[in-house]
Amino acid sequence: MSGKPAFYITTPIYYVNDNPHIGHAYTTLACDVMARFMRLDGHDVMFLTGTDEHGQKVEKAAREAGLDPRAFCDKVSKNFRILAKEWNFSNDDFIRTTEPRHVRSVQALWRRLEEAGEIYLDHYEGWYAVRDEAFYAEDELGEGPDGRKLAPSGAPVEWVKEPSYFFRLSAWRDRLLDLYDSRPGFIMPETRRNEVRSFVAGGLRDLSISRTSFSWGVPVPGDPGHVMYVWIDALTNYITAAGYPDEDGGDFRRRWPALHMVGKDILRFHAVYWPAFLMAAGIEVPRRVFAHGWWTSEGRKISKSLGNVIVPSEIVARYGLDQVRYTLMREVNFGNDGDFSHRGTVRRCNHDLANDYGNLAQRVLSMIARNCGGRAPRPGDLNDGDRELLDGAYGLLPATREHIAVQAFHLMLQAIWGVVGDANRYVDEQAPWALRKTDPARMETVLYVLAETLRVLALLTQPVMPESSSRLLDQLAVPESERQFDRLNADHALRPGADLPEPTGVFPRYRDEEQGAA
RNA sequence: GGCGGAGUAGCUCAGUCGGUAGAGCAGGGGAAUCAUAAUCCCUGUGUCGGGGGUUCGAGUCCCUCCUCCGCUACCA
């Protein structure tokens with residue numbers, strides 16, 4: 001295998017019954033940017049996404065669709081593969097919990113936990129609504145006119161008791177607290193870490209990890225009347241894809257542990273249950289669990305009744321894929337909630353991309369095309385101003401590395417755009433259009449410095465905007481083989497005299513059809 | 001109720017070890033003309049949520065109050 005350091009990153013596996021929405025796209029996008037950055041920066045990356053396909057809801061939805069659960073999953077799981085293609089996600093694997101490799105993996109983990117004495121058989125009981133096929137907590141219930149207890153949906157509930165296997169989560173309180181305290185970066189952002197910590201500090205109850213009320217799931221080894229409940233089944237996908245249970249053969253030791261990217265709604269499962277399972281099984285805990293925020297739409301909570309749902313394929317069709325990728329990564333501090341608005345997106349598309357970055361490329365490339373015979377300029381001696389701009393550009397790699405290491409995508413882009421601004425100022429100060437008449441040699445130097453700066457910028461924007469960056473690099477005649485981050489220095493600078501293709505705009509302006517549309 | 005976070009320019013937010021408040025966007029004025037009418041320069045008299053305290057000096061520390069948000073277990 002390669003000697004490159006390994007980097008493993010995962011999205012949650014998405015519940016196959018859902019339609020892909022902005023939340024799915026956002027989580028996966030963040031992972032994609034991370035994965036692309038690390039690949040370009042010399043890591044052996046594994047980027048995993050997939051679908052969670054078991055459970056009562058899927059079983060029921062399949063029945064309603066008149067399909068076998070497996071056939072149903074085959075059909076709807078495809079929606080997430082389509083999303084990945086549509087958004088240019090570079091996942092290396094797509095795991096489905098119904099695959100044999102996963103069934104084998106979860107069952108192996110189960111046995112390991114059982115051998116360790118971490119699992120015991122008891123009863124799960126609670127208020128159950130037959131109509132909803134769901135359990136409800138006491139405080140969720142209301143009362144009907146006849147005094148009967150009702151689910152929030154209005155369905156009558158009854159107290160039911162079913163046998164269930166339990167995981168001894170309660171025993172892991174202190175060891176989890178030690179984990180959080182000894183590894184401050186284990187849960188990010190910090191405010192989420194505080195929440196999880198206080199939740200765990202308050203004491204944990206054992207966790208029900210099997211069901212007998214449905215059968216669409218992984219059978220419990222040695223007790224086929226039970227299927228595994230969501231926690232242990234779904235979370236285990238992360239080690240399945242890394243090669244578990246073959247811990248010593250294959251890539252497991254090299255790949256694992258992973259960085260888990262999750263929405264804040266499922267943080268607890270990843271930051272409490274999952275590390276407890278792993279520690280109990282003697283497996284290393286994840287490298288980090290990062291919980292990102294939610295999007296609102298035009299300042300409001302997204303809801304179907306408000307009609308402000310953001311459909312991934314629609315915004316891509318409207319603004320362009322790389323434009324949307326850029327906006328989502330730039331608009332908010334990663335980890336916080338953010339608002340997705342038409343006005344804001346257009347501002348990003350037109351100001352940041354079309355004006356600042358796209359127009360910089362266009363003004364430089366078209367001057368080169370016109371004044372340097374369609375070839376990369378030949379520089380003379382560099383002065384302090386030239387070096388300052390180039391040093392700023394070369395300095396971006398260490399800066400962006402630091403931001404990427406803590407998933408600060410917005411800061412990475414801010415840093416890059418700092419150099420975009422420097423380059424635009426440099427064009428104005430140097431005024432190469434004037435030099436054309438007074439000092440053509442100096443003009444070539446200036447244009448060379450700018451073209452080299454563009455090369456650096458285009459290399460660095462690859463993780464966020466792969467397609468557009470690639471087109472820009474094509475226009476600079478940077479070969480595919482020269483686009484890794486180890487080329488981000490003067491030793492690999494643009495080759496003077498290289499033939500350049502005819503420049504064309506990469507980031508078009510967004511124009512509203514309707515005047516003054518908000 | 002408990003725990004955690006936040007309240008700084010019209011908007012979104014930065015503000016390290018306490019030392020006379022900053023950036024981007026929006027708005028106003030100007031320069032330039034290579035470029036996707038894009039770019040560049042200039043322009044901010046803000047009770048730093050209220051009150052009290054420590055200090056020579058507090059957005060930055062302490063107390064208190066107000067407002068908003070998140071978490072407070074079986075919903076991927």
Side-chain angles (χ1 to χ4, degrees), chain A residues 11-18 23-24 27 51-52 54-55 57 97 124 126 134-137 139-140 152 164 166-167 169 189-209 211 229-231 233-235 237 262-270 272-273 291 293-294 330-333 336-339 343-344 347-348 350-371 410-411 414 417-418 421 423-436 443 446-447 450 503-511:
Chain A
T11 76
I13 46 174
Y14 303 121
Y15 202 54
V16 77
N17 222 17
D18 290 343
H24 300 114
T27 311
T51 42
D52 174 20
H54 287 132
K57 278 186 195 160
T97 52
Y124 178 77
F135 282 90
Y136 293 99
D139 59 10
E140 287 183 284
S164 167
F166 283 80
F167 171 74
L169 182 66
E190 194 174 341
T191 171
R192 298 294 164 203
R193 170 173 167 261
N194 292 342
E195 286 177 7
V196 171
R197 200 188 183 290
S198 86
F199 170 78
V200 171
L204 296 167
R205 293 205 294 267
D206 287 349
L207 196 66
S208 165
I209 52 169
R211 288 289 186 275
Y229 194 47
V230 56
W231 320 129
D233 176 0
L235 290 163
N237 91 84
V262 301
K264 62 185 185 181
D265 56 324
I266 55 173
L267 174 60
R268 180 188 310 140
F269 312 129
H270 288 79
V272 181
Y273 303 171
W294 289 128
R330 176 71 194 261
E331 192 73 359
V332 303
N333 296 12
N336 292 354
D337 288 350
D339 182 52
R343 184 187 288 271
R347 198 170 57 224
R348 291 299 175 193
N350 288 353
H351 292 219
D352 296 12
L353 295 178
N355 296 355
D356 293 342
Y357 188 29
N359 182 57
L360 170 68
Q362 186 69 8
R363 66 198 302 208
V364 169
L365 290 170
S366 66
M367 274 189 277
I368 290 174
R370 192 151 336 103
N371 302 312
H410 59 294
L411 293 181
Q414 269 175 41
W417 255 253
N424 270 318
R425 273 184 287 280
Y426 175 88
V427 180
D428 278 41
E429 284 161 12
Q430 301 296 326
W433 53 90
L435 291 170
R436 185 167 66 102
M443 175 201 73
V446 166
L447 291 179
L450 284 163
T504 56
V506 172
F507 297 106
R509 290 184 69 74
Y510 178 91
R511 292 171 205 282

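Here the structure is a predicted model, which is why all the values come from computation and not from measurement. Below, read A as the first sequence line, B as the second, and so on, with proteins coming before strands; counting in each chain starts at 1.
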**Report entry** P atoms of B:G70 and B:A9, separation to the nearest Å
**Finding:** 23 Å

Query raised in the report: Taking only residues two or more places apart in sequence, or in another chain, which ones meet A:F199 in a side-chain contact (heavy atoms from CB on, under 4.5 Å)?
Result: A:L204, A:R268, A:V272

Report task. Would you check if A:Y426 and A:V446 make a side-chain contact, meaning some heavy-atom pair closer than 4.5 Å? Result -> yes

Query raised in the report: Relative to the ring of A:W231, is the ring of A:Y229 parallel (under 30°), tilted (30 to 60°) or perpendicular (over 60°)?
Result: perpendicular

**Report entry** Atom pair CG (A:L169) and CG (A:L207), whose distance is rounded to the nearest 0.5 Å
**Finding:** 6.0 Å

Query raised in the report: Under 4.0 angstrom, heavy atoms only, what part of the nucleic acid is A:R436 near: base, sugar-phosphate, or nothing?
Result: nothing

Report task. Quickly work out the A:I209 CD1 to B:C74 P distance and round it to whole Å. Result -> 17 Å

Requested in this report: Would you indicate what A:R347 reaches in the nucleic acid, counting non-hydrogen atoms under 4.0 angstrom: base, sugar-phosphate, or nothing?
Outcome: sugar-phosphate

Requested in this report: Using the C1' atom as the reference point in each nucleotide, state the distance between B:U47 and B:G59 in Å, no decimals.
Outcome: 13 Å

Requested in this report: May I ask you to check whether A:R363 and A:N424 show a side-chain donor-acceptor distance below 3.5 Å?
Outcome: yes

Report summary line: Here the distance between atom C1' of B:U36 and atom CZ of A:F507, to the nearest Å, is 12 Å

Query raised in the report: Using the C1' atom in both, what is the distance from B:A31 to B:G7, to the nearest Å?
Result: 41 Å

Query raised in the report: In whole angstrom, what separates A:Y273's OH from B:A76's P?
Result: 10 Å

Listing time: all N or O pairs from protein to nucleotides 29-32 of chain B that are below 3.5 Å?
none

Requested in this report: Name the nucleic acid region contacted by A:V506, choosing base, sugar-phosphate or nothing; use a 4.0 angstrom heavy-atom cut-off, strictly under.
Outcome: base

Query raised in the report: Between atom CD in A:E429 and atom P in B:U39, what is the gap in whole Å?
Result: 16 Å

**Report entry** Nearest-angstrom distance, C1' atom, B:G24 to B:C62
**Finding:** 34 Å

Report summary line: Separation of B:G5 atom P from A:E195 atom CD, nearest Å, is 10 Å

Requested in this report: Take atom NZ of A:K264 and atom C1' of B:U72, then tell me their distance rounded to the nearest Å.
Outcome: 15 Å

**Report entry** A:V364 vs A:I368, side chain to side chain contact (heavy atoms under 4.5 Å, CB included): CA-CA, chis, key distance, verdict
**Finding:** CA-CA 6 Å; A:V364 169; A:I368 290 174; 3.9 Å; yes

Query raised in the report: With distance as the sole criterion, is a donor-acceptor pair present between the side chains of A:T27 and A:T11 under 3.5 Å?
Result: no

Query raised in the report: When you compare B:U55 with B:C65, how far apart are their C1' atoms, in angstrom units rounded to a whole number?
Result: 23 Å

Query raised in the report: Just checking A:R205: base, sugar-phosphate only, or nothing, at a heavy-atom cut-off of under 4.0 Å?
Result: base

Query raised in the report: According to the Watson-Crick and G-U wobble definitions, with both distances under 3.5 Å, which nucleotide is paired to B:C3?
Result: B:G70

Query raised in the report: Which listed nucleotide (B:U36, B:C34, B:C74) is nearest to the side chain of A:A354?
Result: B:U36

Requested in this report: Just call it for A:N371: base, sugar-phosphate, or nothing, with non-hydrogen atoms closer than 4.0 Å on any strand.
Outcome: nothing

Requested in this report: Would you classify A:G293 as touching base, sugar-phosphate or nothing, given that sugar-phosphate means primed atoms plus P, OP1 and OP2, and contacts are heavy atoms under 4.0 Å?
Outcome: nothing

Report summary line: 5'-most contact on RNA chain B (nearest-nucleotide basis), A:N355 vs A:A234, goes to A:N355

Query - P-based separation of B:A26 from B:G15 [nearest Å] - result: 23 Å

Report task. Determine: side-chain N/O of A:R343 to OP1/OP2 of B:C25, distance under 4.0 Å, yes or no. Result -> no

Requested in this report: Determine: side-chain N/O of A:R509 to OP1/OP2 of B:A38, distance under 4.0 Å, yes or no.
Outcome: yes

Query raised in the report: To the nearest angstrom, how far is A:F199 atom CZ from B:C3 atom C1'?
Result: 13 Å

Query raised in the report: Where the side chain of A:R370 is defined as all heavy atoms beyond and including C-beta, which of B:C71, B:A38, B:C34 is the nearest nucleotide?
Result: B:C34

Report task. Using the C1' atom as the reference point in each nucleotide, state the distance between B:C11 and B:G46 in Å, no decimals. Result -> 14 Å

Report task. Counting Watson-Crick and G-U wobble pairs only, both distances under 3.5 Å, name the nucleotide matched with B:C40, or none. Result -> B:G30

Report task. Determine yes or no for a side-chain-to-main-chain donor-acceptor pair under 3.5 angstrom, with A:Y124 supplying the side chain and A:I209 the backbone. Result -> no

Query raised in the report: Which residue lies toward the 5' end of RNA chain B, A:H351 or A:Y357, if each is placed at its nearest nucleotide?
Result: A:H351

Requested in this report: Starting at the 5' end of nucleotides 8-17 of chain B, put B wherever the base has a protein heavy atom under 4.0 Å, S where only the sugar-phosphate does, and a dash everywhere else.
Outcome: ----------

Requested in this report: Classify the nucleic acid contact of A:L360 as base, sugar-phosphate or nothing, counting any heavy atom under 4.0 Å across all strands shown.
Outcome: nothing

Query raised in the report: Which part of the nucleic acid, if any, lies within contact of A:H270, taking any heavy atom under 4.0 Å across all strands shown: a base, the sugar-phosphate backbone alone, or nothing?
Result: base

Query raised in the report: In terms of side-chain heavy atoms of A:L207, which of B:G4, B:C74, B:A76 is nearest?
Result: B:C74

Requested in this report: Give, for atom OG1 of A:T51 and atom NE2 of A:H24, the distance between the pair rounded to the nearest 0.5 Å.
Outcome: 10.5 Å

Query - Nucleotide nearest A:I266 when distance is taken to its side chain, options B:A76, B:A38, B:C71 - result: B:A76

Report task. Take atom C1' in B:U8 and the same atom in B:U12, then report the distance between them in whole Å. Result -> 12 Å

Report task. Verify, without hydrogens or angle tests, whether A:N350 (side chain) and A:Y510 (backbone) share a donor-acceptor contact under 3.5 angstrom. Result -> yes

Query raised in the report: Hey, does A:D18 reach any base, or is it just sugar-phosphate, or nothing, if we go heavy atoms under 4.0 Å?
Result: sugar-phosphate

Query raised in the report: Within the structure shown, what part of the strands sits under 4.0 Å from A:S366 by heavy-atom distance: base, sugar-phosphate, or nothing?
Result: sugar-phosphate

Report task. Indicate, with a heavy-atom threshold strictly under 4.0 Å, whether A:Y15 touches base, sugar-phosphate, or nothing. Result -> sugar-phosphate

Query raised in the report: In whole angstrom, what separates A:R348's CZ from B:U36's P?
Result: 24 Å

Query raised in the report: Now, which nucleotide makes the Watson-Crick or G-U wobble pair with B:A35, with each of the two distances under 3.5 Å?
Result: none

Query raised in the report: Backbone N or O of A:R425 within a donor-acceptor pair of the A:D428 side chain at under 3.5 Å?
Result: no

Query - Ion pair A:D337/A:K264, N-O distance below 4.0 Å - result: yes

**Report entry** Gap separating the CZ atom of A:R330 from the CG atom of A:L411, nearest 0.5 angstrom
**Finding:** 9.5 Å

